[in-house]
Protein chains: 2
Amino acid sequence: MSHKVNLDKLDYQIIQEMMENAEISYADLGKKLFVSGGTIHVRIKKLEEVGIVKGTKLSVDLKALGYDVIAFIGIYLEKSSLYDTVAKDLRKIPEIVRLNYTTGNYSMFAEVVCKDIQQLRFVLHDELQKIKGIERTETFISLDESFSRNVIASGE
Amino acid sequence: MSHKVNLDKLDYQIIQEMMENAEISYADLGKKLFVSGGTIHVRIKKLEEVGIVKGTKLSVDLKALGYDVIAFIGIYLEKSSLYDTVAKDLRKIPEIVRLNYTTGNYSMFAEVVCKDIQQLRFVLHDELQKIKGIERTETFISLDESFSRNVIASGE
DNA sequence: ATTGAAAGAGTCTCAGT
DNA sequence: ACTGAGACTCTTTCAAT
């Protein structure tokens, strides 16, 4: 459980700004938010210490990298108690980049990223069929990503 | 369309490493990959120029930020031609962080991030019901995220 | 293309407020 | 808690290979 930390407007502004672009310098971000670069530095250090900021990641264009196919897979389990073992098996498939245990129709929800439809076919027909405990799956291939963005960082 | 660029093993290794941690210095990454820091710099500049690398983003712990609820929404449209107008309306709901146009059961697939169940209820019952063109929706609340990770950067 | 070194820019620390 | 300046580290450029 994450014990509540009190963040002020400046903290949220820093997070908001750097979720989109982490390359901005402390001095420049400070100018933008009307504080010194030193203050930005102190705040970010605090946000790292309390675990809100986990680091920075390279933002990569998947299409440009050759990954043209994104799909979502709804997974029905034979028994919901099989969740952990099936999750462990799904983790071994590198094309599956995300797995959630969900309420509703499906027991689990997976996101797959593949280079092409042939690779997706392989994941669905070969890799997934091997896994014991999956009753059936439903696949939703993304034809277009309308948008993808960050949450709004604010205290309400 | 992204015209193919020839990447070698070193390019893929740099991407792989920095997708996970973009804070490592060029000198340190160079040591790890047995080249100079200057070479890392040249490669990253190339990857930026060809549009594979889009920048760096702050990695934030959503739970620690107060966002405890992730849900997926399958959306049935009255007519699939309504895609664009509905997408435009969904974009106005800040809690919806991602929207895909998909094959299969649903016409669209949305991901929502909320502070609590009350906020999710508000998005589902108030915000979503206002939008013209949505026939019905199915919601899958994530009870647990088993894993979330990057694709493998490699040329096969 | 890669390297190593110099120049420039950014981060980090700290004493003062 | 914020600031500004100094110390330190990293990025960026470039001449040589």
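The sequence lines fix the lettering, A, B, ..., with proteins before strands; numbering per chain opens at 1. As a basis for the values below, the full set of heavy atoms in this structure was taken, side chains included, without hydrogen atoms, waters or symmetry mates.
Phosphate proximity of D:dA1 to A:R43: absent, as no side-chain N or O sits under 4.0 Å from OP1 or OP2.
Residue pairs meeting the salt bridge (Lys or Arg N to Asp or Glu O under 4.0 Å) criterion with at least one partner in residues 94-106 of chain B, sequence neighbours excluded, are A:E111-B:R98, A:E145-B:R98. Applying the salt bridge (Lys or Arg N to Asp or Glu O under 4.0 Å) definition to pairs two or more places apart or across chains, those involving residues 33-52 of chain B are B:D8-B:R43, B:D11-B:R43, B:D11-B:K46. Applying the salt bridge (Lys or Arg N to Asp or Glu O under 4.0 Å) definition to pairs two or more places apart or across chains, those involving residues 71-90 of chain B are B:D89-B:K92.
Scored by the salt bridge (charged side-chain N to carboxylate O under 4.0 Å, His left out) test, B:K31 finds B:D28 as partners (sequence neighbours excluded). A:L143 pairs by the side chain to side chain contact (heavy atoms under 4.5 Å, CB included) definition with B:Y101, B:T103, not counting sequence neighbours. Listed by chain and residue number, nothing satisfies the side-chain hydrogen bond (donor to acceptor under 3.5 Å, both in side chains) test with B:T102 (two or more places apart in sequence, or in another chain). Evaluation of the side-chain hydrogen bond (donor to acceptor under 3.5 Å, both in side chains) rule for A:T56 yields no partner, not counting sequence neighbours. A:T85 pairs by the side-chain hydrogen bond (donor to acceptor under 3.5 Å, both in side chains) definition with nothing, not counting sequence neighbours.
Note: CD1 (A:I44) to P (D:dC2) measures 13 Å, nearest angstrom.
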Tell me which donor-acceptor pairs under 3.5 Å the side chains of residues 121-132 of chain B have, and how far apart each pair is, sequence neighbours excluded?
residue: B:H125; atom: ND1; partner: B:R121; partner atom: O; Å: 3.3
residue: B:Q129; atom: NE2; partner: B:L124; partner atom: O; Å: 3.3

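Judged by distance alone, the side chain of B:R149 and the main-chain N or O of A:R91 form a donor-acceptor pair under 3.5 Å.
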Distances under 3.5 Å between protein N/O atoms and the N/O atoms of nucleotides 9-12 of chain D, please, pair by pair.
residue: D:dT11; atom: OP2; partner: B:Y26; partner atom: N; Å: 2.9
residue: D:dT12; atom: OP2; partner: B:H41; partner atom: NE2; Å: 3.4

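Note on A:V42: nothing from the nucleic acid sits closer than 4.0 angstrom, heavy atoms only.
Mapping heavy-atom proximity under 4.0 Å, the span of DNA chain C touched by chain A runs 5' to 3' from C:dG10 to C:dT13.
Scanning residues 52-60 of chain B for heavy-atom distances under 4.0 Å to DNA chain C yields an empty list.
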